[in-house]
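Scope of the values below: all heavy atoms of this structure, side chains included, with no hydrogens, waters or symmetry mates. In what follows, chains are A, B, ... by sequence order, proteins preceding strands, each numbered from 1.
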Amino acid sequence: MSVVAASEVLNPLSSGWFLENSWLIPIIPAVGFALIIFFGKRLPMKGSEIGVISMVASLGMSAGSAYQWIQRVGSAAEGQFVEPVIRTWNWWQIGGVNLTIGQSIDGLAVTILVVVAFISTLVQLYSIEYLHGDRRYTHFFAALTLFSAGMLAMVIAEDMILFILGWEIMGLCSFMLIGHWWEEGANSRAALKAFFTVRTGDMGLLVGVAILYFASNEWTTENLGVSGFSIHGISAWALSGEPNSTVILMASIALFIAAIGKSGQFPLHTWLPDAMAGPTPVSSLLHSSTMVVAGVFLVARLYPVFFEGFDILGAGGNLIMVIGAITIVIAAALAFVQADIKKVLAYSTVSQLGYMMLGLGAGAWLPAVFHIFTHAFFKACLFLGAGSISHSASHHSFDMRKDMGGLRKYMPITFTTWVISTLALCGVFPFSGFFSKDEIIDNVGNNGYTMFMVIGLVGAFLTAAYMTRATYLTFFGEARGAAAGQHETEHASDHGHDDHGHDDHGHDAHDGHGPRESGPLITIPLMILAVLALSSGFLNATPFGKSWEKLKDWVEPRAAVVMEVHASGPGESRIRAEEGHHSSPCGSETPKEGVCFAPQLEHAKFKWSKALLSLAIVFAGIALSWLLSVALYTKKNAKLVGLTSRNKVLGAGYRLLANKYYLDALYEQVIVRSVAGPISRAAYWFNQNILDGVLHGVSRTTRSVSSWTYRNIDQRVVDEAVNASGRATKGAGGVVQPVQSGKVSQYGALLFAAASVVALVLVIVNT
Amino acid sequence: MVAQNIGFGIIALMMVVGALRVVTTTNVVHAALWLVVVLSGGAAQYVLLGAEFIAITQVLVYVGAVMVLFLFGIMLTRTRIGREGGLNNPHWKWGIPVALLTLAATVLTLVSSFGGEKLPEDAAPISTQAVSDQIFGPYLLPFWALSFVLLAAVIGAIVLARKD
Amino acid sequence: MLVNQFLILAAILFAIGVYGVVARRNAVLVLMSIELILNAVNLNLVAFAMRNGSADGHTFALYVIAVAAAEVGVGLGLVLLIFRNRRTIALDELSEMKG
């Protein structure tokens with residue numbers, strides 16, 4: 001369906017080859033995946049070159065689309081709704097339902113496309129060196145490429161079916177990549193845990209999509225000529241004032257459960273830290289910057305549904321905000337007790353995803369999407385930095401307490417990029433995190449949710465503090481363990497090692513020298529990401545006035561009433577946008593004479609006083625944490641060391657955190673056991689009492705009957721007869737005995753051969 | 001019609017190659033994966049033949065459930081993954097003449113009875129509703145029997161596989 | 001489309017399945033070959049349903065799929081049992097039926 005602007009106020013929208021053919025973006029890595037699987041092992045670089053090339057091609061296409069999208073936005077009038085570039089194809093027709101598949105490119109899709117393609121490219125380059133010599137090198141690249149195909153397909157999806165397809169491909173690839181080194185039990189357990197936890201949420205996606213389809217199909221078919229799977233159809237339906245509030249609430253809850261599972265929100269966040277068992281590039285790509293934002297993306301994509309379903313901007317907050325806020329605080333608190341550097345980053349990711357959810361729940365759509373954008377760069381940089389440390393300095397250990405410390409002298413590039421990204425994560429001006437995270441907090445407060453704003457600020461404090469602790473432990477103080485050049489292998493099995501599967505590489509390459517800087521294939525991606533962590537915030541730098549808010553222009557869908565006239569056929573729709581940008585009724589009342597595709601949202605005015613307050617909180621967190629770290633880890637202050645084991649209250653708090661709030665225990669011990677226990681006991685009881693009883697009864701009867709028969713008939717009458725005939729048969733049997741080999745396959749061969757011969761004879765006789 | 005014939009050719013080639021790999025590969029897991037190719041190809045052929053419902057059932061039951069069963073079977077009955085010898089009988093060569101004989105018999109019969117007969121081009125597609133009318137109408141008895149077969153299979157599988 | 005193109009494809013799959021049943025030693029692979037045979041039969045059924053324009057073929061194809069699922073379930077149960085008792089699933093080592 002194409003919509004052409006016909007009103008005189010409106011300009012025709014420009015388009016271009018890249019926008020029209022964006023559907024190729026996921027196809028390229030999908031083809032690359034097939035090529036790697038079938039030919040990868042025979043290629044000179046074992047298939048990694050195909051992965052890299054396909055990702056570079058996708059990145060080029062995405063960049064082209066982004067450029068043309070910006071032009072398209074530029075060609076629109078002020079306040080005019082910029083139609084997404086939609087192309088659909090009929091895919092499947094069954095029972096009168098016509099399912100389509102296609103692309104829908106708008107600002108949100110373009111943003112995520114660029115991020116995903118970009119980070120994927122860098123991670124693939126990085127993996128060439130990081131996984132060099134791995135046993136399943138080719139499979140690794142195949143799974144990585146397929147993952148990108150899935151994510152890109154989900155991002156461009158026009159309909160929920162393609163969306164689910166991409167979503168599930170990502171789940172599968174995540175499982176394969178977490179369990180890449182499945183020989184070690186912990187890794188395959190982590191993979192299974194991730195898979196099942198996310199699947200629990202995925203049920204919500206199926207249920208939610210089904211509810212939306214059955215509720216909206218009639219309306220969308222009548223008004224827009226699309227099925228109830230179409231995302232823009234659903235969006236328009238949600239804002240049309242048509243839907244029943246209970247139905248749309250149920251759909252939102254179901255979809256939000258899926259988002260909770262995928263994006264690691266409380267209470268289903270437990271899988272994400274365990275997922276760090278996978279190779280570091282995987283953690284960097286899937287479990288920090290791209291796949292885990294799929295849940296956030298789902299909420300952002302179907303925002304009108306959530307907007308109506310959860311009454312966003314209504315008084316008192318809603319489920320999305322509550323979950324987001326809880327996640328921010330509990331995950332940040334957990335990050336304090338981790339010794340594994342990747343787990344600190346994992347909990348940090350969970351916490352930052354909480355910020356995105358909080359923003360979406362509070363009506364801060366654009367800041368949340370912007371935070372996806374900036375977070376991807378600095379979190380990928382932090383993860384790759386952690387990988388660089390383990391690869392070159394700490395003998396594949398991720399334990400900050402045992403094997404790191406004082407590394408800033410040996411790894412200047414890794415150190416610098418790490419510090420830049422850490423400052424970005426903490427939200428220090430002028431790094432990118434400041435612009436996005438502060439805007440979320442600011443908008444949450446501006447929309448009247450003061451309590452949630454305070455939680456956001458507490459989260460910012462905690463973030464600054466735990467990242468300072470991690471930085472201190474890794475790069476400052478004395479070198480410990482492997483970082484000090486000791487080659488220890490006795491603790492090789494008790495924490496996250498990354499050296500499995502290195503056949504000819506692994507430890508041997510590091511023997512004889514201490515920590516050093518990593519090679520260029522590792523440091524160049526780090527540097528690129530660090531530059532972006534520093535600069536990407538300026539794409540939407542609210543402090544500097546309206547002309548700096550580029551992303552707001554490009555990405556945020558404009559809330560205008562779009563008029564669709566279908567009686568005169570598609571292509572003759574008229575867009576009415578004379579009403580000013582800020583008086584659009586979308587989202588607040590039923591639009592007259594048309595449909596809305598996006599709700600009207602407010603943006604907070606930037607105030608330096610608020611920004612300075614949050615900066616002060618961040619610096620307080622950094623300073624306090626720094627002082628504590630020096631006292632604890634370097635000076636070994638007697639008052640502080642071992643405080644948790646002396647003070648009861650602190651000890652209880654520490655144990656609660658160390659056991660991750662006992663959530664894992666709750667899931668595995670209580671829930672799984674209470675569900676599985678009764679079922680297995682019931683099955684056992686049925687087995688023991690009923691099946692066995694029947695069997696025993698039958699066998700007792702049979703035995704008494706048969707023993708009588710044996711004594712009276714068999715022994716006396718039959719035996720004699722049998723013996724006589726047996727003797728006669730024995731001679732004959734000797735002749736065919738070789739055939740009776742007892743081998744099943746031989747019987748099969750004889751059976752088929754005989755049947756065919758007979759059939760052939762019959763055919764020949766009959767013709 | 002040309003497009004359908006090309007589609008048929010590609011899928012048929014894929015299925016035959018897949019089937020050959022199932023019976024010749026030296027890696028059991030690969031055999032299972034090639035079987036997926038054949039079964040998916042079968043589903044595609046059903047679509048060509050206008051039997052969408054069977055195609056979906058094929059994907060759900062075969063490609064989904066049965067393949068998982070196979071993979072579990074492989075997992076539980078082996079100690080190592082990868083190539084292994086001894087997957088074939090010592091007298092495996094006997095399979096070739098037997099299979100060729102079977103093929104010759106069927107192909108001869110088919111050619112002599114159906115020659116160049118064409119499928120009706122404008123046949124009304126058989127709706128899923130018609131199939132369900134058949135199942136719950138004239139073929140209800142086999143359906144009942146099938147239910148008992150499934151019940152027996154479930155109980156049988158439990159009894160066989162339980163530990164005692 | 002010819003009737004025969006489907007029927008001959010089915011015949012080829014059937015013959016490959018027969019080869020697998022005869023040549024394979026691993027019980028799981030034999031079960032897979034049986035699946036090939038059953039699929040060949042199904043293809044025939046559906047092709048004839050199209051030729052005759054009747055739903056009978058579809059009905060029986062569904063029945064065959066259901067029976068095949070049951071067969072795999074029981075078959076793999078048997079294989080597991082054999083494996084548990086003898087630590088092997090090589091069919092030529094199972095010759096209790098030897099006369």
Regarding Gln58(B) and Asn39(C), is there a side-chain donor-to-acceptor distance under 3.5 Å anywhere?
yes
Which atoms of [X] come close to chain C, meaning under 4.5 Å heavy atom to heavy atom: side chain ones, backbone ones, both, or neither?
X         : result
Ser113(B) : neither
Val38(B)  : side chain
Ala130(B) : both
Ala32(B)  : both
Val61(B)  : side chain
Leu146(B) : side chain

Which one, [options], leads in non-hydrogen pairs under 4.5 Å with chain B?
options                                : answer
Asp56(C), Leu29(C), Val28(C), Val67(C) : Asp56(C)
Val46(C), Leu81(C), Val79(C)           : Val46(C)
Ile8(C), Leu9(C), Val74(C), Val30(C)   : Leu9(C)
Gly75(C), Ala10(C), Ser54(C), Gly57(C) : Ser54(C)

Tell me, yes or no, whether the heavy-atom count around Phe143(B) atom CZ, taken from other residues, nucleotides or ligands under 6.0 Å, exceeds 12.
no
Which of the residues [options] is involved in the greatest number of heavy-atom pairs with chain C at under 4.5 angstrom?
options                                  : answer
Glu117(B), Lys93(B), Gln45(B), Gln134(B) : Glu117(B)
Val66(B), Asp133(B), Leu101(B)           : Val66(B)
Gly42(B), Pro138(B), Ala99(B)            : Ala99(B)
Gly9(B), Ala157(B), Ala51(B)             : Ala51(B)
Pro120(B), Ala152(B), Ser127(B)          : Pro120(B)
Leu39(B), Thr102(B), Leu48(B), Leu69(B)  : Leu69(B)

Please name the pair of heavy atoms, one in [X] and one in [Y], separated by the smallest distance, quoted to 0.1 Å.
X         : Y        : value
Val23(B)  : Gly20(C) : CG1-CA, 3.6 Å
Ile126(B) : Gly53(C) : CD1-C, 4.3 Å
Leu150(B) : Ala66(C) : CD2-O, 3.9 Å
Met32(C)  : Val22(B) : CB-CG1, 4.3 Å

Are any of the side-chain heavy atoms of [X] and [Y] separated by less than 4.5 Å?
X         : Y         : value
Gln5(C)   : Asn5(B)   : yes
Val28(B)  : Asn26(C)  : yes
Leu36(C)  : Leu35(B)  : yes
Val98(B)  : Tyr19(C)  : no
Leu103(B) : Ile16(C)  : no
Leu2(C)   : Phe114(B) : no
Glu35(C)  : Phe70(B)  : yes
Val22(C)  : Ile96(B)  : no

Approximate separation, where rounding is to 0.5 Å, of [X] [atom1] and [Y] [atom2]:
X        : Y         : atom1 : atom2 : value
Ile54(B) : Thr59(C)  : CD1   : OG1   : 7.5 Å
Phe48(C) : Leu49(B)  : CZ    : CG    : 11.5 Å
Leu43(C) : Met15(B)  : CG    : CE    : 6.0 Å
Leu62(C) : Ser132(B) : CG    : OG    : 10.5 Å
Leu76(C) : Phe72(B)  : CG    : CZ    : 11.5 Å

According to the interplanar angle, ranging from 0 to 90°, do the rings of Phe60(C) and Tyr139(B) count as parallel (below 30°), tilted (30 to 60°) or perpendicular (above 60°)?
perpendicular
Could you walk me through whether Phe53(B) and His58(C) pass the side-chain contact (heavy atoms from CB on, under 4.5 Å) test, one step at a time?
CA-CA 9 Å; Phe53(B) 185 67; His58(C) 288 196; over 6 Å; no
